[in-house]
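Accompanying notes for the structure given below.
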2 protein chains.
Amino acid sequence: MLNYSESLDRTFHALADRTRRAMVERLVRSPASVSELAEPFAMSMPAVVQHLKVLEDAGIVTSQKVGRVRTVQLAPDALAAGGEWIGRQRLPAEQRLDRLAAQLIDDDPQEH
Amino acid sequence: MLNYSESLDRTFHALADRTRRAMVERLVRSPASVSELAEPFAMSMPAVVQHLKVLEDAGIVTSQKVGRVRTVQLAPDALAAGGEWIGRQRLPAEQRLDRLAAQLIDDDPQEH
DNA sequence: CGAATAGTTAAGCATCTACTTAAGTATTGC
DNA sequence: GCAATACTTAAGTAGATGCTTAACTATTCG
């Protein structure tokens with residue numbers, strides 16, 4: 001198992017490339033083959049496969065090959081750790097506003 | 001102004017390094033000088049300054065120099081765009097669970 | 001079987017990244 | 001003024017990254 005920091009390194013590094021983000025956005029809709037994922041990009045097949053490897057090493061996608069087709073899908077909670085890390089880095093001022101908002105909603109649920 | 005994709009590139013790239021993430025975590029507590037930020041790391045001052053430049057180029061921190069001291073602080077909503085992008089990439093299955101949870105809370109606020 | 005399809009492997013290359021050391025420039029305190 | 005402090009600038013380097021082309025393997029279809 002990877003340590004937490006290394007895992008965040010890989011997650012954020014994987015997301016730091018627009019091609020890979022576009023692949024993730026596509027995979028939110030449904031799983032896809034490597035060719036389907038390659039189709040929108042003016043890029044060789046090996047390049048696409050290398051991007052997929054980065055996503056897979058980061059635990060963002062999983063894949064399995066059936067026959068000659070590899071199907072790639074988003075891992076459940078793929079981006080949870082990254083999202084949570086970001087969520088934690090809020091200025092105290094913002095956190096206070098968040099708590100205030102949460103409290104208003106809690107106190108008076110029928111008003112929102 | 002940068003386009004959205006380029007801005008996400010920089011944000012996620014900035015966060016893909018544990019040294020820079022540690023700096024962000026430190027800055028959540030309060031603004032700090034370059035030397036204060038450098039202190040936890042076994043790294044030369046120029047290396048630290050280069051990391052800060054990456055964070056600043058990504059819009060995650062801002063800084064200004066007064067006298068010989070440069071003070072660095074987290075930008076308000078520094079990570080908002082990155083957090084929102086991640087938030088959007090949820091499998092439909094997870095989104096359904098989220099909506100279910102939200103609905104349960106809305107329907108029955110005193111029960112949680 | 002033989003051709004088309006889907007992906008894989010290997011090698012090479014320009015550029016970027018995360019450092020380093022060395023030398024410089026403003027401030028500030030004595 | 002002069003030394004200490006707090007950066008800053010410049011130049012260099014090993015290794016990672018994002019591609020490429022070429023050649024290969026496995027599977028499916030007619």
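In this text the structure is predicted, and so the values were computed from the model without any measurement.
Between the side chains of A:Q73 and A:T62, at least one donor N or O sits under 3.5 Å from an acceptor N or O.
Aromatic ring orientation, A:F12 versus A:W85: perpendicular (interplanar angle above 60°, classes split at 30° and 60°).
Within the structure, a side-chain polar atom (N or O) of B:S35 is placed less than 4.0 Å from OP1 or OP2 of D:dC7.
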Using the 3.5 Å cut-off, write out each protein N or O paired with an N or O of nucleotides 13-21 of chain C and the distance between them.
| residue | atom | partner | partner atom | Å |
| --- | --- | --- | --- | --- |
| C:dA18 | OP1 | B:R20 | NH2 | 3.2 |
| C:dA18 | OP2 | B:R20 | NH1 | 3.1 |
| C:dC19 | OP2 | B:H51 | NE2 | 2.6 |
| C:dC19 | N4 | B:Q50 | OE1 | 3.1 |
| C:dT20 | OP2 | B:S44 | N | 2.9 |
| C:dT20 | OP2 | B:S44 | OG | 2.7 |
| C:dT20 | O4 | B:Q50 | NE2 | 3.3 |

Scan nucleotides 24-29 of chain D against the protein and return all N/O pairs shorter than 3.5 Å with their distances rounded to 0.1 Å.
| residue | atom | partner | partner atom | Å |
| --- | --- | --- | --- | --- |
| D:dT27 | O2 | A:R68 | NH1 | 3.0 |

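For the residue pair A:M45 and A:S35, the shortest heavy atom distance occurs at CE-OG, 4.1 Å. Across B:A16 and A:D9, no two heavy atoms sit closer than the pair O-OD1, 3.6 Å. Taking each heavy atom of A:R26 and A:E36 in turn, the nearest pair found is NH2-OE1, 4.3 Å.
Distance CD/B:E6 to CG/B:L8: 10.5 Å, rounded to 0.5 Å.
Look at CD on B:E36: it is 15 Å from P on D:dT5, rounded to the nearest Å. Atom-to-atom, CZ of B:R70 to C1' of D:dT5 comes out at 16 Å; the value is rounded to the nearest Å. Per the geometry, CG belonging to A:L15 stands 12 Å off P belonging to D:dG18, to the nearest Å. For the pair A:E39 CD and C:dT5 P, the interatomic distance rounds to 15 Å; values are reported in whole Å. Atom-to-atom, NZ of A:K65 to C1' of C:dG7 comes out at 5 Å; the value is rounded to the nearest Å.
Formation of a donor-acceptor pair under 3.5 Å by the A:R70 side chain with backbone atoms of A:V34 is not found in this model.
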Stepwise side-chain hydrogen bond (donor to acceptor under 3.5 Å, both in side chains) test for B:E56 and B:S63:
CA-CA 8 Å; B:E56 196 152 5; B:S63 73; 3.2 Å; yes

